[in-house]
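Quick notes on the structure that follows.
Numbering starts at 1 and runs along the sequence shown.
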Amino acid sequence: MFLVSQLFWIFAQPLSLAFLAILIALVAAAAGLRRAGLALSAVGGAILFVTLYTTTGSFVLQGLEARFAKPAAEPETVSCMIVLGGAFETEVTTVRGGIEMNQAADRFIEALRLARRFPQAAILVSGGDGSLSGVYEGDAIASERFFETFGIPAD
């Protein structure tokens, strides 16, 4: 299932859709279907414009995140935190052995804050190497290094 999801996203991401639309537009134009080629070129250009020059992606993501309201108050005790992976740039962290994070870093910053407040709580990190090759270290390894850097022991 992992392979299917990775392959699906290769073709479903906006850049791939724009490229595919422009490629089909070129084929259509070469086959004498100029109107279809022009329409597909416009679709490809529109996809590129919306994804590169607007905040549509952030807007859609905020809508998804807003489905789950932040609790009004923190719990009195926490026994375990589940942290969604995907915050580490696994290619860079594997090669350089450091900590390279992306726009999802807030997940681990919040877990770090909670780990300091609730030192008895276990931290469970979901996710791993998201590449098709599987040669990069997963989030569990990178997160262990991250938390240890800030004084949170691996155990």
Side-chain angles (χ1 to χ4, degrees), residues 1-72 74 80-115 122-150 152 154:
M1 190 53 135
F2 171 76
L3 182 62
V4 172
S5 69
Q6 291 295 92
L7 291 175
F8 172 77
W9 185 244
I10 287 173
F11 296 107
Q13 65 180 315
L15 185 59
S16 295
L17 293 175
F19 176 73
L20 185 62
I22 292 170
L23 183 64
I24 294 172
L26 289 172
V27 170
L33 303 170
R34 300 188 132 214
R35 287 185 187 207
L38 184 60
L40 285 169
S41 292
V43 167
I47 291 171
L48 287 175
F49 177 79
V50 167
T51 57
L52 295 174
Y53 297 110
T54 70
T55 59
T56 302
S58 296
F59 180 75
V60 171
L61 187 58
Q62 287 173 0
L64 289 172
E65 289 178 347
R67 291 182 0 197
F68 304 99
K70 184 176 180 179
E74 288 189 3
C80 182
M81 292 175 264
I82 300 174
V83 184
L84 297 178
F88 296 100
E89 294 294 337
T90 55
E91 296 89 350
V92 178
T93 59
T94 300
V95 172
R96 297 177 65 184
I99 300 169
E100 186 74 27
M101 301 183 96
N102 58 32
Q103 66 272 16
D106 60 320
R107 300 170 185 173
F108 284 86
I109 301 300
E110 183 65 11
L112 178 61
R113 185 185 73 76
L114 291 171
I123 302 171
L124 177 80
V125 177
S126 71
D129 175 14
S131 71
L132 289 175
S133 65
V135 299
Y136 302 111
E137 66 184 19
D139 282 5
I141 296 168
S143 66
E144 186 175 339
R145 216 172 29 252
F146 170 79
F147 287 118
E148 285 180 343
T149 299
F150 293 100
I152 307 299

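Rounding to the nearest 0.5 angstrom, the gap separating the OG1 atom in Thr54 from the CZ atom in Phe59 is 11.0 Å. Separation of atoms CD (Glu148) and CD1 (Ile99) is listed at 9.5 Å; rounding is to 0.5 Å. Rounding to the nearest 0.5 angstrom, the gap separating the CG atom in Leu17 from the CD1 atom in Ile22 is 11.0 Å. Remark: Ser143 OG to Arg107 CZ distance equals 12.5 Å, nearest 0.5 Å. Separating the CG atom in Leu15 from the CG atom in Leu48 is a distance of 6.5 Å, to the nearest 0.5 Å.
Considering all non-hydrogen atoms of both residues, Val125 and Ala140 come closest at CG1-N, 4.4 Å. In terms of heavy-atom proximity, Ala115 sits nearest to Ile123 at CB-CD1, 3.8 Å. The heavy-atom pair separating Ala104 from Ala87 by the smallest distance is O-CB, 3.3 Å. Heavy atoms only, all atoms of each residue included: Ala111 and Val83 are closest at CB-CG2, 3.6 Å. Contact between Pro14 and Ile47 at its shortest, heavy atoms only, is O-CG2, 3.3 Å.
Not a single donor-acceptor pair under 3.5 Å links the side chain of Ser16 to the backbone N or O of Ala12. Put simply, the side chain of Asn102 never gets that close to the backbone of Glu89: no donor and acceptor are under 3.5 Å apart.
Taking the six-membered ring where tryptophan is involved, the planes of Phe108 and Phe147 are tilted, since the angle between them lies from 30° to 60°.
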Under 3.5 Å, sequence neighbours excluded: what are the donor-acceptor pairs made by side chains of residues 27-45?
{"residue": "Ser41", "atom": "OG", "partner": "Gly37", "partner atom": "O", "Å": "2.9"}

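A salt bridge links Arg113 to Glu110: one of the charged nitrogens lies within less than 4.0 Å of a carboxylate oxygen.
Side-chain contact between Ile109 and Phe146: present, with at least one pair of heavy atoms (C-beta onward) separated by less than 4.5 Å.
Applying the 6.0 Å contact sphere to CD1 of Ile82 captures no more than 12 heavy atoms from other residues, nucleotides or ligands.
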